[in-house]
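The next block holds one structure in the form of structure tokens; read it before the comments.
Here is the naming used below: chain letters follow the sequence lines, and residue numbers restart at 1 for every chain. Keep in mind that the numbers below use all heavy atoms, side chains included, and drop hydrogens, waters and symmetry copies. The model shown is predicted, which means the values in this text are computed figures rather than measured ones.
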Amino acid sequence: MPLENTEIAAMFVEMADLLQIKGGDRHRVGAFRRSARIIEGLPRPAAQMLERGELPKIRGVGKGTIHRIKQMLRRHSCDDLDELRRSVPLGLRELLKIKGIGPTMVRNIHNRLGVTTLDQLEHAAKAGAIETIPRMGLSHAQKILAGIEAYRKRRGKTALIDAERVGRRIVAALRELPAVEGIALAGSVRRRKATIGDLDVLVATRDPAPVLARFQTLPEVESVLIGGRGTEGRCSVRLRNQQQADLRLLPPASFGAGLHYFTGSKQHNIELRKRANAMGLKVSDKGVFHREGEALIDGCADEEAVFRHLGLPWIAPELREGRGEFEAAARGRLPRLVRDEDLLGDLHMHTTDSDGRGSLRDMAAKAAALGHRYIAITDHSKALRIANGLDEARLAEQLGRIRAFEARGEFPQLRVLAGVEVDILEDGRLDLDPELLAQLDWVIASVHQRTNLSREAMTRRVVRAIESGVVDCIGHPTGRRPGKRDPFALDLEAVMAAAREHDVALECNGGPMRMDLGDVDCRRCGERGVSVSIATDAHSPAHLGRHEYGLAMARRGWLEPAQIVNAQPWETLAQRRTRRLREHGLGGGGVAVAVPRSEGAAGFAAGYEGGELAPAGFVLESLEVAQEHAWGEGDELEVELVSPVPVEAPAEVEPRRVEPELELELELELEPATEEEAEPSPVDALLEALAQRPLAEETKTRLSVWLMQGGGDSDPTLEAALQALGGNSLQRAFEIIYDGTEV
DNA sequence: GCCGTTTTCGGCCCGACTGTTTTCAGTCG
């Protein structure tokens, strides 16, 4: 497998950093950075473009860059990078990973204080040596110490995309060997965690020697940690990206048992073995055994066999965190996890109008090729100058362009929605005129700047945006960058409550460096009835369709298609928006939804009174008004009066509410029990369990499972107990579970 | 290092923010 463009780009960035630390010519540094940006943005693999002679034609790519790329493709490095790495100590390179420290500061710190390692820097900062450097003061020292602490917490963790990329390459190389009968990545990569520690590679083979030999000499390998003779069946290496990779060699007959064991998580395995124990069985990476006498029952060539022996259905790796998956599996209540093919559209992407690399048409063409049913164009707003954000005039112009594009009907199966990713300003106001926002089809509101507010201020800020009525979704809600930046201070609980009240979705941003919301937050959304948008945040056509990282978080968060906005048809989302706008007294106010149905202009929205532009599914005064203002292929465009706007959202998105009358009845039924009743009813026993702190694991699981079913009669005893506590039983369940858990 | 032209070498992206300083330097996106 050839190097990917992002990997080549990363090497150019590293060269720029190292050269800058050495005090090299800043324009040369800048040229390396520019090369990195260009390579990262190439439409096709650099290797391919090089072969076709397309690379030298690109502005900014000169002879030197071509020469280096050729070397990198051949040997994953180049002469200059080798030389720079030799001349700059490893410890100094590590300092760059601390937030607030750039190459120039590394240089100054090194030159003035002789610091070459993280520990030395920490010592210097504590000893007050930082302040002796010109233009650096106490704040810098404090910032550095905080940065070191944050870095230490996340050290050794690699982003999923990076770990997976190198892992896949190793798998591809080993798979070629005749001795390899089966191969898989296990561990946290397989569970699709956002950050990965070590890489686990499993190989099924009857002939370990050639596999071991090949593994140790892969180009990705920097040094062998454990291996060679005496270490049968395994080998650990340090990779060039500083990750550790462990190779395990397994007999094919027990590959499934090993795959399960090494996929983990640890907690999941502990619970699995507990369960096996209770059944008189023993489970290990070698298979399933009788507990007495340890006789082998089954080596388990595949993973399903492991679960089958325990009377369980196969559990998806993403759920294997010991967070209630066994209880759910045993009761036949595992979630039907959202899959790529469930996603009908993508509601977050950028074009060349702001900081994207593809035009409106480029994005639409790619989306159509991927079979998307709809996409929303959501460029940045003016506050994000660096991204060339749109002001009102440019957005209005783009809106007209999108409507005209739709009217042409070039991609009849695809609906292109006019949207925006509007900045949430410091005080919670939106960066664009709400009147204009109300005319769009899909509005994402995001925080990009001033991210260091207090928790209270940040929460007020985001909640205010939600309350505006024109916002459909909060983009990358926590601002986290796994392994790089902590989420900003935010009361997500309050945000979710507001989101639910105003029917606003929270985004699960699938940008591989964001994955925001994370898995735990996705699950909280699911439990609270807050819908989630799995979006790519694509900045080029190549990024479209890359739902894998958003899906990873959503699946780890137990989310099902019904909880995902972009797994719903666009008409459903349009209705939700229309209803919300009307409730907030913004636009709308008509009586019917008009949906154009013509062949040539499928999915195009008609205009409404006054000749202004209206979003798809917009509420229109009448059929006549719609037809009068319809544009497109002249009279070929039909506008159809569909139905009055439904007031209720689809049942699967909106959890049921408890009827007040029912509550009252149950309360009466559950009047205080008399002392002589020896045996408490199941409901009373459960009430007692619900009042316990900390909450028993079993009770917690029962609550989670019930919540995952959307409440209701899946567990009548629990429902009765919750209703006895008064109020909305779903709400009670959330409160109890989060009161009884440290989140 | 790359570009463009002045064809042999000069000029190279930028704004917000922060911290340290009274005019700038470094980081981040």
Exercise. Does the base of B:dC24 carry an N or O that pairs as donor and acceptor with the side chain of A:R135 under 3.5 Å?
Worked result: yes
Problem set entry | B:dT23 versus B:dC28 - spacing of their P atoms, nearest Å | 26 Å
Exercise. Expressed in whole Å, how much space separates the P atoms belonging to B:dG15 and B:dT8?
Worked result: 35 Å
For this session: Examine B:dA25: is either OP1 or OP2 under 4.0 Å from a nitrogen or oxygen in the side chain of A:N108? Give yes or no.
Result: no
Exercise. When you check the side-chain N and O atoms of A:H502 and A:E467, is any donor under 3.5 Å from an acceptor?
Worked result: no
Exercise. Between A:R33 and B:dC13, does any side-chain N or O lie under 4.0 Å from OP1 or OP2?
Worked result: no
Seminar exercise, completed: Taking a pair to mean Watson-Crick or G-U wobble geometry with both distances below 3.5 Å, B:dG26 pairs with B:dC17
Exercise. Should A:N452 and A:F488 count as side-chain neighbours, where that means a heavy-atom distance under 4.5 Å?
Worked result: no
For this session: Using a cut-off of strictly less than 4.0 Å, decide whether A:R59 has a side-chain nitrogen or oxygen near OP1 or OP2 of B:dG4.
Result: yes
Exercise. Is A:P134 touching bases, backbone alone, or none of the nucleic acid, heavy atoms closer than 4.0 Å?
Worked result: nothing
For this session: Can you tell me, in whole Å, how much space there is between the C1' of B:dG11 and that of B:dT18?
Result: 29 Å
For this session: Could you give the distance separating B:dC3 and B:dC13 at their C1' atoms, to the nearest angstrom?
Result: 15 Å
For this session: Count the heavy atoms of every other residue, nucleotide or ligand shown that sit under 6.0 Å from CZ of A:R240, and state whether that count exceeds 12.
Result: yes
Seminar exercise, completed: Quick note, A:H140 side chain, CB onward, closest among B:dC2, B:dT20, B:dT27 is B:dT20
Problem set entry | Residue-phosphate contact under 4.0 Å: A:S35 side-chain N/O, B:dG1 OP1/OP2 | no
For this session: Consider only side-chain N and O atoms of A:H350 and A:E421, and report whether a donor and an acceptor are under 3.5 Å apart.
Result: yes
Exercise. Quantified in whole Å, what is the P atom distance between nucleotide B:dT20 and nucleotide B:dC9?
Worked result: 43 Å
Exercise. Within less than 4.0 Å of OP1 or OP2 of B:dT18, is there a side-chain N or O belonging to A:S139?
Worked result: no
